[in-house]
Amino acid sequence: MDITAVRLEVAATPSAPALELRPWRPADATGLVAVFRGDEALRRWTSDGPHDVASALRWVREQRRLWSIGERFSFAVVATGDRDNGGREQGENGRLLGHVVLKCGAPDSASAEVGYWAAAHARGRGVTPRALGALTEWAFDTFPPDEVARLDLLHQVDNTASCRVADKCGYTFDEVLPAAPPVFPLDGHRHVRRRGRPEGARPGPPLADAER
């Protein structure tokens, strides 16, 4: 898949600008470092966050390499346009808001996994659900059913914000995954979205009011 040809667009809302989802570029390294700097919440949920421009460049190059071999499709989520859909100035054009990724599953599994994070300034504005919704549609539109019939969303049990994101995007709570220390010190949740219309909600764990 040509990495230069993929761009996903999401319309603005009253509280957030329009979004563009595009492959990561080396020019994003400085903004990536700025997003992670001092954000303990983000570093808690991501194991490979960069600490300087050199490590950010290595991370971006690795995302592009994995894209080139069809193993992992990572998108930078950036603000685009200067006004929201109410006509108000946003002043965020080009600002890095987050990251979404499609991780291909094992051969013949007909499944893939989605992941995401949001910068501190983007949380609570509906950015992550909108970006994940666009990624979900792209995955089902781009890959045939025998390659991607199901998408999994996994998160640690205490990451209640991810439960809310999953619910907003039609990912049904499926099961509790047992802890696997030291990499996964706590239990986790699996949410599932299958090709076609979102499934009816299955009762899951209580959701916090916080939203990524």
Side-chain angles (χ1 to χ4, degrees), residues 8 10 13 15-17 19-64 66-67 72-80 90-92 94-103 113-136 152-169 171 177 179-191 205 207-212:
L8 310 181
V10 184
T13 71
S15 63
L19 308 177
E20 180 183 57
L21 280 61
R22 57 161 175 76
W24 286 90
R25 306 167 179 165
D28 295 319
T30 300
L32 188 59
V33 173
V35 163
F36 273 84
R37 184 179 295 122
D39 191 341
E40 295 304 320
L42 182 55
R43 288 195 174 277
R44 179 184 180 190
W45 304 122
T46 55
S47 59
D48 57 353
H51 57 274
D52 58 20
V53 172
S55 59
L57 281 170
R58 288 194 296 271
W59 185 87
V60 170
R61 289 172 184 142
E62 179 65 2
Q63 305 315 302
R64 294 176 69 86
L66 293 171
W67 184 298
R72 180 183 175 108
F73 301 94
S74 298
F75 293 82
V77 181
V78 298
T80 182
Q90 289 289 314
E92 292 188 279
R95 191 180 193 188
L96 177 60
L97 301 178
H99 164 74
V100 291
V101 59
L102 179 74
K103 311 169 189 177
E113 181 185 342
V114 296
Y116 46 83
W117 53 254
H121 54 262
R123 295 173 200 151
R125 302 171 64 192
V127 169
T128 302
R130 293 161 62 215
L132 177 60
L135 178 73
T136 299
D152 290 346
L153 188 162
L154 311 178
H155 66 82
Q156 194 164 280
V157 68
D158 57 342
N159 190 348
T160 54
S162 275
C163 272
R164 182 169 292 276
V165 170
D167 185 60
K168 284 178 176 289
C169 294
Y171 284 75
L177 303 172
V183 178
F184 303 105
L186 300 178
D187 288 351
H189 290 165
R190 183 195 305 275
H191 301 259
L207 300 179
D209 289 335
E211 174 184 311
R212 287 185 99 173

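Numbers here simply count residues along the sequence, with the first being 1.
Taking E20 as the reference, R7, R22, V78, T80 meet the side-chain contact (heavy atoms from CB on, under 4.5 Å) condition, with sequence neighbours excluded. Scanning for side chain to side chain donor-acceptor pair (under 3.5 Å) contacts around W59 gives D48, with sequence neighbours left out. When the side-chain contact (heavy atoms from CB on, under 4.5 Å) test is applied to A180, the partners found at least two apart in sequence or on another chain are F184. For Q156, the side chain to side chain donor-acceptor pair (under 3.5 Å) test picks out D158, with sequence neighbours left out. V53 pairs by the side-chain contact (heavy atoms from CB on, under 4.5 Å) definition with A29, T30, V33, L57, not counting sequence neighbours. Qualifying side-chain contact (heavy atoms from CB on, under 4.5 Å) partners for S55, counting only residues two or more places apart in sequence or in other chains: P50, H51, D52, R58. Remark: R190 pairs with D152, E175 by the salt bridge (charged side-chain N to carboxylate O under 4.0 Å, His left out) rule, at least two apart or across chains. Partners of E62 by side chain to side chain donor-acceptor pair (under 3.5 Å), not counting sequence neighbours, listed by chain and number: R65.
Between A56 and L32, the shortest heavy-atom contact is CB-CD2, 4.0 Å. Pairing each heavy atom of R43 with each of G49, the nearest pair is NH1-O, 3.4 Å. Scanning all heavy atoms of the two residues, the minimum distance from P17 to A79 falls at CG-CB, 3.6 Å. The shortest non-hydrogen separation linking A118 to L42 is O-CD1, 4.2 Å. For the residue pair L96 and A76, the shortest heavy atom distance occurs at CD1-CB, 4.2 Å. Taking each heavy atom of A131 and V100 in turn, the nearest pair found is CB-CG1, 3.9 Å.
With S162 as reference, Y116 is the one residue of W117, Y116, Y171 to meet the side chain to side chain donor-acceptor pair (under 3.5 Å) rule.
Annotation: the span from H189 atom NE2 to L153 atom CG amounts to 11.5 Å, rounded to 0.5 Å. Within the model, atoms NE2 of H121 and CD of E92 stand 6.5 Å from one another, a figure rounded to the nearest 0.5 Å. Distance check: F75 CZ to L135 CG gives 6.0 Å after rounding to the nearest 0.5 Å. Note that OG1 of T128 is 11.0 Å distant from NZ of K168, once rounded to the nearest 0.5 Å.
Q63 is not listed as a side-chain neighbour of P23, based on a closest heavy-atom distance of 4.5 Å or more. L21 is listed as a side-chain neighbour of V10, based on a closest heavy-atom distance under 4.5 Å.
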* To do: Might you work through the side chain to side chain contact (heavy atoms under 4.5 Å, CB included) test for V127 and L19, ending with a clear yes or no?
  => CA-CA 8 Å; V127 169; L19 308 177; 4.2 Å; yes

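Sequence neighbours left out, the pairs with a member in residues 29-42 that pass salt bridge (charged side-chain N to carboxylate O under 4.0 Å, His left out) are D39-R123.
Counting only N and O atoms by type, the side chains of W24 and H99 include a donor and acceptor under 3.5 Å apart.
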